[in-house]
Each structure stands twice: as structure tokens, then as C-alpha cells.
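Every chain is numbered from 1, with letters handed out A, B, ... down the list of sequences.
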Amino acid sequence: METAALTEQDREEFRRQLLSWFRLNARDLPWRQTRDPYRIWVSEVMLQQTRVATVIARYNQFIQRFPSLVSLALAREDEVLTLWSGLGYYRRARLLHSAAQLLVNEHGGSLPHTSQELRRLPGVGDYTAAAIASIARNEAVAVVDGNVERVLTRVLGKAAVRRAGLPAQLKETAGWLLDPTAPGTFNQAMMELGATVCLPHAPQCADCPVRQFCATKGEHVVAPRKQIVSRQTHYALVKKPAEEGSKRVAVLLAQRPDSASQMPGMWELPAIAAPESSEPVLRIRHAITNTNFYVEVFSLKPEEFLGPRHEKAMERHDWVVDSKLSEVPLTGLARKILMRLDVMAKPREVRSGKALPGREGDFL
DNA sequence: CATTCGTGGAT
DNA sequence: TATCCAAGAAT
């Protein structure tokens, strides 16, 4: 393996500069306070296509509730989905849960040691397998995520990238650069560089520890985006007293069918046609991938909503007491609406993983 | 190999 | 009511 831009001596210096920069600039993130493979795994799955800032609080809550592989395997799927509510890509939670059960039922309740074995778990692709193996097990395998791909593309320049255009070639290039004596740290440093310095639109080259090796000094071509489409949707907020004379309120929720392509099995407010003669209690925009939903929520009394037509039309519906809403696997939109309308309380902040005991091998 | 799967925050 | 896109994986 050789690159036009970097000699082997450059490579040594690249590693030194990058790792020394990382020692000083690494963000203090909860999953960096452990080497428990299970916790690294959870963090890596949560981080798939999801920003660090979004993940931090969710990771702490998840680890507090499921501190070990066994505790996760023993949980019901809907509780796992509840903790995932609002994070999106719910298939990740289902696959994580099913992989945990598989490991406990058939592999002695511990994670495989090598990236090759990890790769066979549901929900674990090339990136995640390499991340867990290098960070938790010190395996000398390079990760290639969006950050690393961008950093490599810029550092090595077009010619090298054309040669390394395929994922396998990109991984080979990353592997050539990888520091085999500290693979986990090196991988995290590459990602950290991409996430905080070698930014997609405004690379901070002046702050870059490896700018002396960079062929392009920040150049990057962005792929054309797909067209955003807009859709109108309407939901009903239907409330009733939870019990006779109680101050507690119950809300009517509907469950999305298991056959739905998006968010199957998750709960949301019942969808309705737009009422003709009433004003919405809430108007918000909610973006899902390439669709902008312009959402209006209408407050309806039970007798205005419930009727033979609606009951038949819904896959499944249930009254949920407001204090129990945080135990339901809601779609992100439903959470947003219920919190915005003050029906549902904001989740409490959970102390960070540092205060939590726990290593590989902990039982429950 | 292209598509699909969510969401929130930065710009 | 703009646009981008993030520590990807499955199909």
C-alpha cells in the first residue's frame, strides 16, 4: 500500500501529530469513560447517523436502565423502544435487542472479541464491528465512517481517492495509516478530527494537526441532494379524566401497524382528516428524511372523536394516563407534540456514566 | 449498487 | 414552510 502523497515517514509523523492533538482536544464523552465492550457497542449503535449531542443524554439513560448485556437481553422489546423514542431509526434498537438476546441465549452472554465475529451480529456492519473491536479489544482494524472518509479524501487528494474510491480500498487506506499500537485511540482521533476540525463545509485548516500532510487543504465536493417534498398531516389530541373525579388525564394514542415502513409498532396521536370548523392547538413542522410534514393538532372531546368509524379504522388504540406516557414507545413527533402541549413531562436528566459502576461481566 | 430508515440542531 | 446531514446497516 502506498499513496502518492505520503511516505512511510510521513505516516509516522501523521500518527504522532494526530494522537498528540487528540490527547489535548478529545471531548469528554460518557462512552469514553469505559472500555466495557457492551457499552461501547450501545454507544456505537446510537451514534449511527445520529449526532453526538443528541446521543449523550440518551446513552446515559439507556445505560442506567440496561447496565449490562444480560439486563438488555431480559428486557421486553417495547421498553427498549421506549428508551429509543425520538432517536429515530428504530430498527437499530430492535436489532440491538435481538443481538443481545442471541448472545445471552447462545454465546454465553458476552460479546465476541474479534471484529470478524462482531460483524455477524444483527445491526453490526463494517464500521461498528471495527469500532467495538478497536476501542474495546485493541484490535488493529481501521474504522471508516463519514468523518474518516472525508478526512482521507482531503488529506490524500483526488488521485489517491480515485484509487481508494471503493469502500474496501478506503478501508485499506485507513488501515495503512492506522497506528497499530493504539488503534482504538487512533480511530477515535480520526473521527474527532472530522467531527470538530475537518468539517464538511467550513474546515478549520488553521487548527488542523495534520495540515502539513494535507493535499487539498479542505477541498470537498458535496453530492447533490434529493428534492424535499411537503405533506400536510392532522392529529387529534383527545383527553378524558383518567378516573372518576381524578385530576389525572388520559390521552388517546394509536399504534402504527407492524407493516408500516416507518416506525412500525410505535405509538402516536390518532391521525384525522382536517376538522372544518376548529382551530389547531398546535402547528409545527416535522422533517423526516426528505419529507417536511406540516402538522396541525386539534383538540377533540372523546365524543367528538370516538365513533364506530374511527374505532374500526385504527389498527389499535388505547387510553394512556399522562404520568405513564414516558413508558410508551412514542414516535419522535408524538413526543414532541405531547411535550410541547405540556401533556407529557420532560424526561429527567440522568447522571453520566462516570458515576455508574459496571464492567464487562456484571450481572444485571 | 441505490434506497430506505428519523430526528434535531447548526447555519 | 430553508437546507444540510450526523461515529451506518439492511435489503
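With hydrogens and angles ignored, no donor-acceptor pair under 3.5 angstrom links the side chain of A:Tyr127 to the base of C:dG8. A donor N or O paired with an acceptor N or O is found under 3.5 Å between the base of B:dG6 and the side-chain atoms of A:Thr50. Remark: the A:Arg91 side chain and the C:dA10 base include no donor-acceptor N/O pair separated by less than 3.5 Å.
For the pair A:Glu149 CD and C:dG8 P, the computed distance is 10 Å after rounding to whole Å. Rounded to whole angstrom, the span from the CG atom of A:Leu95 across to the P atom of C:dA9 amounts to 11 Å. Note: CD (A:Glu192) to P (C:dA6) measures 15 Å, nearest angstrom. Regarding A:Asn290, its CG atom lies at a distance of 16 Å from the P atom of C:dA6, rounded to whole Å. Rounded to an integer number of Å, the gap from A:Tyr89 OH to B:dG8 C1' is 13 Å. The nearest whole Å value for the distance from the CZ atom in A:Arg92 to the P atom in C:dA9 is 11 Å. Here the P atom of nucleotide B:dG6 and the CE atom of A:Met266 are 9 Å apart, to the nearest Å. Atom CZ in A:Arg335 sits roughly 10 Å away from atom P in B:dT7 (whole-Å rounding).
Taking 4.0 angstrom as the limit, A:Asn147 places a side-chain polar atom (N or O) nearer than this to OP1 or OP2 of C:dA7. The phosphate of B:dT7 (OP1 or OP2) has no side-chain N or O of A:Lys336 nearer than 4.0 angstrom. Contact annotation: A:His286 does not reach the phosphate of B:dG6 (side-chain N/O to OP1 or OP2, under 4.0 Å). Checking the phosphate oxygens (OP1, OP2) of B:dG9, no side-chain nitrogen or oxygen of A:Thr54 falls inside 4.0 Å.
Stacking here means ring centres nearer than 5.5 Å and ring planes tilted less than 30 degrees, and by that measure A:Tyr90 does not stack onto B:dC5.
When distances run from any side-chain atom of A:Trp31 to the nucleotides C:dC4, C:dA7, C:dA2, the shortest one goes to C:dA7. For A:Arg27, taking side-chain heavy atoms from C-beta onward, the closest of the listed nucleotides C:dT1, C:dA7, B:dC5 is C:dA7. In the set C:dA7, B:dT7, B:dC5, the nucleotide with an atom closest to the side chain of A:Glu44 is C:dA7.
Among the atoms of the strands shown, none is found under 4.0 Å from any heavy atom of A:Trp84. Within the nucleic acid shown, A:Ile228 has no heavy atom closer than 4.0 Å to any nucleic acid atom.
Proximity of a side-chain donor or acceptor of A:Arg285 to a complementary backbone N or O of A:Asn292 within less than 3.5 Å is not detected.
Ion pairing between A:Arg120 and A:Glu117 fails under the 4.0 Å rule for side-chain N and carboxylate O.
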**Request:** Let me see the working for A:Gln48 and A:Tyr127 under side-chain hydrogen bond (donor to acceptor under 3.5 Å, both in side chains), right down to the final yes or no.
**Result:** CA-CA 9 Å; A:Gln48 289 167 6; A:Tyr127 163 77; over 6 Å; no
**Message:** Set out, in order, the CA-CA distance, both residues' side-chain angles and the distance that settles salt bridge (charged side-chain N to carboxylate O under 4.0 Å, His left out) for A:Glu77 and A:Arg94, then state yes or no.
**Reply:** CA-CA 7 Å; A:Glu77 185 184 80; A:Arg94 293 193 158 96; 3.3 Å; yes
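The 12-atom threshold is exceeded at CD of A:Gln212, counting heavy atoms of other residues, nucleotides or ligands nearer than 6.0 Å.
Rounded to a whole angstrom, the distance from the C1' atom of C:dT11 to that of B:dT7 is 22 Å. On the C1' atoms, C:dA10 is 24 Å away from B:dG8, given to the nearest whole Å. As rounded to the nearest Å, B:dG6 and C:dC5 have C1' atoms that lie 12 Å from one another.
A perpendicular orientation is assigned to the rings of A:Trp84 and A:Phe62, their planes being inclined by more than 60° (bins at 30° and 60°).
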